[in-house]
Protein chains: 2
Amino acid sequence: MKNTTSFEIAKLCGVSRGTVYRALNNKPGIKPETKEKILRVANSLGYRPNFVAQSLVKKKTMTIGIIVFDLNNRIFSQIINSIESYGRKNNYFVYLTLSHKDSDLEKEQIQYLVDRQVDAIIMMSVNKGKEFEDFLKQFNIPIVTFGNKISENIPFVWINDKQAIKDAVSYLHNKKYTKIIYVCPQLGHLYTNENKYSPEQRLEGFIEALEELDDMNAEIVSTHDYLQTIHELVSHSSEKIAILCTSDIYALQVAKSLKKNNIKIPEDVGVMGFDNIDILEFTSPALTSISFSLEEIGRSLFNSIMHLINEEDAPKEILLDHNIIARESV
Amino acid sequence: MKNTTSFEIAKLCGVSRGTVYRALNNKPGIKPETKEKILRVANSLGYRPNFVAQSLVKKKTMTIGIIVFDLNNRIFSQIINSIESYGRKNNYFVYLTLSHKDSDLEKEQIQYLVDRQVDAIIMMSVNKGKEFEDFLKQFNIPIVTFGNKISENIPFVWINDKQAIKDAVSYLHNKKYTKIIYVCPQLGHLYTNENKYSPEQRLEGFIEALEELDDMNAEIVSTHDYLQTIHELVSHSSEKIAILCTSDIYALQVAKSLKKNNIKIPEDVGVMGFDNIDILEFTSPALTSISFSLEEIGRSLFNSIMHLINEEDAPKEILLDHNIIARESV
DNA sequence: CTGTTAGCGCCTTCAT
DNA sequence: ATGAAGGCGCTAACAG
């Protein structure tokens, strides 16, 4: 069963397609009676404009492409959830594509999104640097990023990672901890080209924070066997130690490992996470973490992308608020 | 900067668009030399076919619409993750749309997806029943569902909820529990039209399981203040009680509440969840739960939808395996 | 006010 | 082996 077209309505009403178009799109210059008749007929036929044809001629698809690593990370899900909601209210639909942290795949996905004429792209990218920026420039399409900044020239919405870690250190300092074990993903591999802007910023924040303190010792753990390393560090020390993790998943892992070794949190050692994922309250002890609003990040991303789509400027960097959610683990 | 079209290539090569088309699409009936030349020119111009134009004429957009409640539920994220992966390998893109459990919104989203000419829809629906089935039928578009079954006529991929709960009960029975408190969402409201197929199946499974056992007491808790209710049930009883929750979130909530009241798990009372979300191992005690592969559900959904798109039959019901992940809470 | 016409960029059939 | 022409369904400028 074919869809009815504006042409069929025209025939049925004994008018031209131009007139039908005017009626359907509230264009001026049409007699009220004919307009009404056309609308009535269109309605009775269940007429729906062909969106693809519209897109073709208008060169606008009312869709936004989103690229993230995957949906295992709750952060991505929640940001997408937020973008989708704002999108819907503005008649934008969302293409969801995953890069699986594969830089070639990511580029491929961008190419495909562009092929499909999306009006804009929102992404957290694996790629980075000038070359990638040029790659993006060639498409001449609005792009907004989050999490990992690509360059100063591409709008970026996130939190102030550096300050967040500084705040965490200061929080721990106030709690009289004398040593912080900082747990983060591996950085600075020369052989990888992965964009690790966010973790890098956090590490910088950590180092800067330490420089401002003279009564705080520190250790940075980023190896694969970090649990083992931490265990050793904790065992052979008489200091008051806090373990500051750059993601809640690390923190949960650490807490589990400590408990298994009968090390008490927070009595023996403190643990702090980052992201404030939704189940922290269910662990015991409940984990202290750094929180920020993913809903707001989504809103801000959408906001910026709308500006760009409308050929207005968008801020090159928007850093939203974060705050420490104090629970029992530290 | 405009995109190059096949027409421009034609001009540059001094051939017609038809010939360009043949070259670009590996169609027979073209001299190798001209083909090569066209391809070379196309390549040097960075030619990319206009996907929208293609969709218009082919009446195929190579996109699948997905509708779920929202992305707060990890289950949805993971299923979508899976579908996206299979989709990508087959050149399908995914429109992600959320219904927020709003039945009108869900219908609207379906309409919009159809307007955008998606090739198929995969969804977990809020709507149900004959009327909704007819609503869907009118679009004449491949649809596959999961989680909540709409009707016997619309393909459905999920697990055997009923059997899963039966297995859980039998597992608890073997563990010598004499009473089960079953925690589930509110069901059977006459004034709501929400599709609660999955929770209903689970409840039926629970009731059937009980009927087969004569040494098992039970209590069903589905009120909003279930934590309070449970607390009372647990306090005033000398039986060996297990609390069987139809979702891990309930189970976590219950466990937290019990711990707060100094009731020990599993010594004083057992707790069991459903879904086996990824952080159960981090709680203490680690929660026993019912697990099933969301990756497989995604794969199966995609598989069925491909069959339907290719106008082949797809099974009306596919129930994948589940199994109990024994941890410490029961 | 309404009709005509020419695209958008691609696919497809029919001639040559 | 190639070209010409019509069509997908809608938009938009121009006539009348």
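Chain identifiers are assigned alphabetically (A, B, ...) following the order of the sequence lines, protein sequences preceding nucleic acid strands; residue numbering begins at 1 within each chain. Basis for what follows: all heavy atoms, side chains included, without hydrogens, waters or symmetry-related copies.
- Interatomic distance, A/R40 CZ to A/I9 CD1, rounded to the nearest 0.5 Å: 12.5 Å.
- The cationic group of A/K128 does not satisfy the cation-pi geometry with A/Y197, failing either the under 6.0 Å distance to the six-membered ring centre or the 45° limit from the ring axis.
- The interatomic distance linking B/R48 (CZ) with C/dG9 (P) rounds to 16 Å, in whole Å.
- Taking atom CG of A/L56 as the reference point, atom C1' of C/dA6 lies 14 Å away to the nearest angstrom.
- The distance from atom CD of B/E8 to atom C1' of C/dC10 is 14 Å, rounded to the nearest whole Å.
- Note: B/F156 and B/F146 fail the aromatic proximity criterion, with ring centroids not under 6.0 Å apart.
- Taking the six-membered ring where the residue is Trp, A/F135 and A/F132 present parallel rings, their angle staying beneath 30° rather than reaching 60°.
- Summary for the helix from C/dC1-D/dG16 to C/dT16-D/dA1: the axes at its two ends, each from 5 pairs, differ by 50° when rounded to the nearest 10 degrees.
- A salt bridge does not link A/K37 with A/E33: every distance from a Lys NZ or Arg NE/NH1/NH2 to an Asp or Glu carboxylate oxygen is 4.0 Å or more.
- Positionally, the nearest nucleotide of DNA chain C for B/F51 lies more toward the 5' end than for the other of B/R22 and B/F51.
- For the pair A/K58 NZ and C/dG9 P, the interatomic distance rounds to 16 Å; values are reported in whole Å.
- For B/Q54 and C/dC8, the CD to P distance is 17 Å, given to the nearest whole Å.
- Ring orientation note: the planes of A/F69 and A/F76 are nearly perpendicular, at an angle over 60° on the 30°/60° scale.
- For A/K31 and C/dG3, the NZ to C1' distance is 14 Å, given to the nearest whole Å.
- On the nucleic acid side, DNA chain D has its first and last nucleotide under 4.0 Å of a heavy atom of chain B at D/dA1 to D/dG9, going 5' to 3'.
- Between B/S82 and B/G298, the shortest heavy-atom contact is OG-CA, 3.4 Å.
- Look at A/S16 and you'll find a side-chain N or O under 4.0 angstrom from OP1 or OP2 of C/dG3.
- Relative to the side chain of A/V15, the nucleotides C/dC10, C/dC11, C/dG3 differ in distance, and C/dG3 lies closest.
- Side-chain contact check for A/D102 versus A/V126: every heavy-atom pair is 4.5 Å or farther apart.
- Residues A/E295 and A/Y86 bring a donor and an acceptor atom of their side chains to less than 3.5 Å of each other.
- Residues B/A53 and B/P28 both approach DNA chain D. Their nearest nucleotides, taken by heavy-atom distance, put B/P28 toward the 5′ side.
- Summarising the geometry, the separation between CG on B/N25 and P on C/dT12 is reported as 9 Å, rounded to the nearest angstrom.
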